[in-house]
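See below for the structure under consideration.
Just so you know, ligand 1 is whichever comes first in the structure, and atom 1 is the first atom listed for that ligand.
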Amino acid sequence: MSAQAASTEDLAVVIGLEVHVQLETETKIFCGCSTEPAEEPNTRTCPVCLGLPGALPVLNEGAVEAAVKVGKAIDAEIPETTRFHRKNYFYPDLPKNFQITQYDEPICQDGELEISHEGERRVVGIERAHLEEDPGSLRHVGGSIDTAEYTLVDYNRAGTPLLEIVTEPDFRAPQEVRAFLAKLTEVLEYLAVFDAERDGSLRVDANISIVDADEVDDETGAIPTSVLEDANRTEVKNISSHKAAEQALAYEVTRQKNAVSRGREVQQETRHWDEGKGVTVSMRSKEAEKDYRYFEEADLPPLEVADWKEKIEIPELPDARRERFREEYGLGEEAADKLTSTKQVADFFEDVAAEFDPDLAATWVADELLGELNYRDMAITDVDDRFGEIHRLVELVAEDEITAKNAREIVLRTMLDDGAAPDDVVEAENLGKTGEGEIEAAVETAIEENPDAVADYHDGDDGALNFLVGQVMQATGGSADPGTVNELLRDSLES
Ligand code: ADP
Ligand code: ZN
Ligand code: MG
């Protein structure tokens, strides 16, 4: 934008992302090395991922499959053929001095992803998504990138399959970026191509510029291409979480708006997000495309993906599943959101709902289980080997063998804290519901021992009945069903 002073209200924010996600495959994208993290550096390497002379890449089918799944999920165009290129640059994390990536024939083009932000649904355009290899990782010893004494290189990560997802400059606020990353993560996890828990599995470069608010179409929010192209933008690197993306961009919004409102021009440059200090710092002027001298990767023939596109199926995605849960099980919005938060939660809920009442299943999965997990800072993945036990717990409640209160407050909590099985907790804590015979006996005793309360009851005092219920509950150690106690007491009192 022109270097003319402007008030910050007249300014609009434009953001576009380049999101690198590690695809979950057993082996690397061009060799057979494992992608499992290793303790020891440089132990998951071979001549291919070390870039030794003469070593040839062989494309991993699993990585292509994962990319096609993502393409289908974001409604992208997947071409008949896709091709690999070499991107040349010199940096110690890149042993070949070029990165195998895709250039003008990426595996996905023109997709979109819907986000909801502040109650509004918005579609974010996805320009492209392409496959590439991850570089190795660097460890700067005794300082940061520019002050370190020396730097160590670990090639374990080199060759891990990456999908770089490039969005259109469709974001108008840092919070939208966060919503997008959450949604993208959710979709990738549903597709089982991505592990969000893994360190460094998502890395974001965020492009941001400031334009005149007048350029934004009131109706559509669109901004003319010429304006986008002319705007000086910064590219913020080193963002590795949803939260960091929002923070780094919020910082950049303020910095750029301040510059513009003082009549200064924003420099077109690459900046680095310093997480510790909470600031972005200038790194270098941005490379131009010609610096990379892209040329075709002659060691990998063009890949025909047309057939893959037909054959590869993807599961029902979170939005569709949420809708279906609401209709099929009559769930409210909040419950449907919680129950579709991950594919695993949704699958488990449907398992339980198929056998018991959907309302009971929803309560037990969405409220009790997720609530207790959340309280303990645990995730569903921490209990996925215990679904059978949790299922059994719901069964105990459904069949009226224990009270819901005991199931929640004693059995589930003990299960999570001590790893105990539900039936063992029921037995150890003596939670099995008291049989009717025992309740009847306790009812008789309560009536005999409390003549005053009985008289009050006959005088129409409701509190007297509650008092007697309390006596029976106490006598049965709280394991009697309150409804049954009520009923038996009334029967005895009225007879
Ligand atoms: P480059 O030629 O620098 O690679 P691209 O057009 O491929 O530029 O876009 C790279 C990223 O920059 C994309 O995520 C895109 O959305 C974003 N972008 C493009 N124009 C702008 C802009 N004016 N402000 C912010 N981000 C932008
Ligand atoms: Zn290797
Ligand atoms: Mg680009």
Side-chain angles (χ1 to χ4, degrees), residues 1 11-20 25-36 38 42-52 55-60 63 87 95-96 100-104 106 109-113 124-130 133-136 154-161 164-174 176-177 180-181 184 204-212 215-216 222-237 239 245 248-249 252-253 256 260 266 268-271 285-292 294:
M1 104 167 261
L11 303 172
V13 174
V14 181
I15 300 168
L17 304 178
E18 291 155 296
V19 185
H20 301 80
T25 53
E26 275 171 34
T27 53
K28 294 183 178 180
I29 185 166
F30 300 121
C31 64
C33 291
S34 168
T35 52
E36 278 294 301
N42 297 305
T43 50
R44 303 254 196 252
T45 55
C46 73
V48 175
C49 55
L50 288 176
L52 301 186
L56 292 172
V58 177
L59 181 59
N60 180 348
K87 179 179 182 178
K96 297 192 294 290
I100 304 180
T101 179
Q102 300 197 286
Y103 180 50
D104 50 358
Q109 261 174 311
D110 286 331
E112 58 182 46
L113 192 66
V124 175
I126 294 179
E127 191 185 307
R128 56 186 277 148
H130 66 254
E133 56 181 338
D134 210 349
D154 178 7
Y155 292 115
N156 283 346
R157 196 183 70 181
T160 301
E164 177 174 340
I165 300 165
V166 183
T167 77
E168 302 285 352
D170 283 350
F171 302 98
R172 298 290 171 267
E176 290 178 3
V177 167
F180 174 84
L181 293 174
L184 179 65
V204 180
D205 298 342
N207 299 272
I208 171 166
S209 65
I210 299 290
V211 300
D212 261 326
E215 304 287 2
V216 184
I223 297 171
T225 315
S226 58
V227 174
L228 292 173
E229 279 171 2
D230 289 347
N232 271 1
R233 62 183 201 246
T234 60
E235 181 175 1
V236 184
K237 296 206 176 257
I239 298 174
L249 286 165
E252 216 31 34
V253 167
Q256 293 192 15
V260 172
V266 172
Q268 178 118 339
E269 62 181 356
T270 301
R271 297 179 72 88
S285 57
K286 193 173 165 15
E287 302 86 351
E289 197 172 281
K290 64 177 182 347
D291 296 334
Y292 292 125
Y294 280 98

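- Judged by distance alone, the side chain of N207 and the main-chain N or O of R233 form no donor-acceptor pair under 3.5 Å.
- Within the set N207, I126, V166, T167, the minimum heavy-atom distance to atom 15 (C) of ligand 1 is found for T167.
- Below 3.5 Å of separation, one finds an N or O of S209 facing an N or O of ligand 1.
- In this structure, P57 and V48 approach most closely via the heavy-atom pair CA-CG1, 4.2 Å.
- Once rounded to the nearest 0.5 Å, the distance linking CD1 of I165 with NE2 of H130 reads 10.0 Å.
- Each of the atoms 23 (N) of ligand 1 lies under 4.0 Å from some heavy atom of L228.
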Step-by-step side-chain contact (heavy atoms from CB on, under 4.5 Å) determination, E252 to V266: CA-CA 11 Å; E252 216 31 34; V266 172; 5.7 Å; no
From CA spacing to verdict: side-chain contact (heavy atoms from CB on, under 4.5 Å), Y294, T101: CA-CA 9 Å; Y294 280 98; T101 179; 3.9 Å; yes
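- Within the 4.0 Å heavy-atom criterion, neither part of D170 lies near ligand 1.
- Protein atoms that are N, O or S and lie under 2.8 Å from the Zn ion (ligand 2) are these: C31 SG, C33 SG, C46 SG, C49 SG.
- Here N156 pairs with A38, T43, R44, T45, D154 under the side chain to side chain contact (heavy atoms under 4.5 Å, CB included) rule; sequence neighbours left out.
- With a heavy-atom cut-off of 4.0 Å, E235 does not touch ligand 1 at all.
- For ligand 1, the polar-atom distance check against R233 finds a nitrogen or oxygen pair separated by under 3.5 Å.
- Considering backbone and side-chain atoms together, P169 places an N or O closer than 3.5 Å to an N or O of ligand 1.
- The atoms of ligand 1 that sit less than 4.0 Å from any heavy atom of V14 are 22 (C), 24 (N), 25 (C).
- For the residue pair P174 and V253, the shortest heavy atom distance occurs at CG-CG2, 4.0 Å.
- Taking the six-membered ring for Trp and thresholds of 30 and 60 degrees, F180 and F171 have ring planes more than 60 degrees apart, a perpendicular arrangement.
- Closest heavy-atom contact between C49 and P95: O-CG, 3.4 Å.
- Where the criterion is an N or O separation shorter than 3.5 Å, residue side chain and backbone included, A231 fails it with respect to ligand 1.
- Contacts of K87 classified as salt bridge (charged side-chain N to carboxylate O under 4.0 Å, His left out), with partners at least two apart in sequence or in another chain: none.
- Taking a cut-off of under 4.0 Å to the non-hydrogen atoms of E168, the atoms of ligand 1 that pass are 16 (O).
- A search for salt bridge (charged side-chain N to carboxylate O under 4.0 Å, His left out) contacts involving R128 returns nothing, not counting sequence neighbours.
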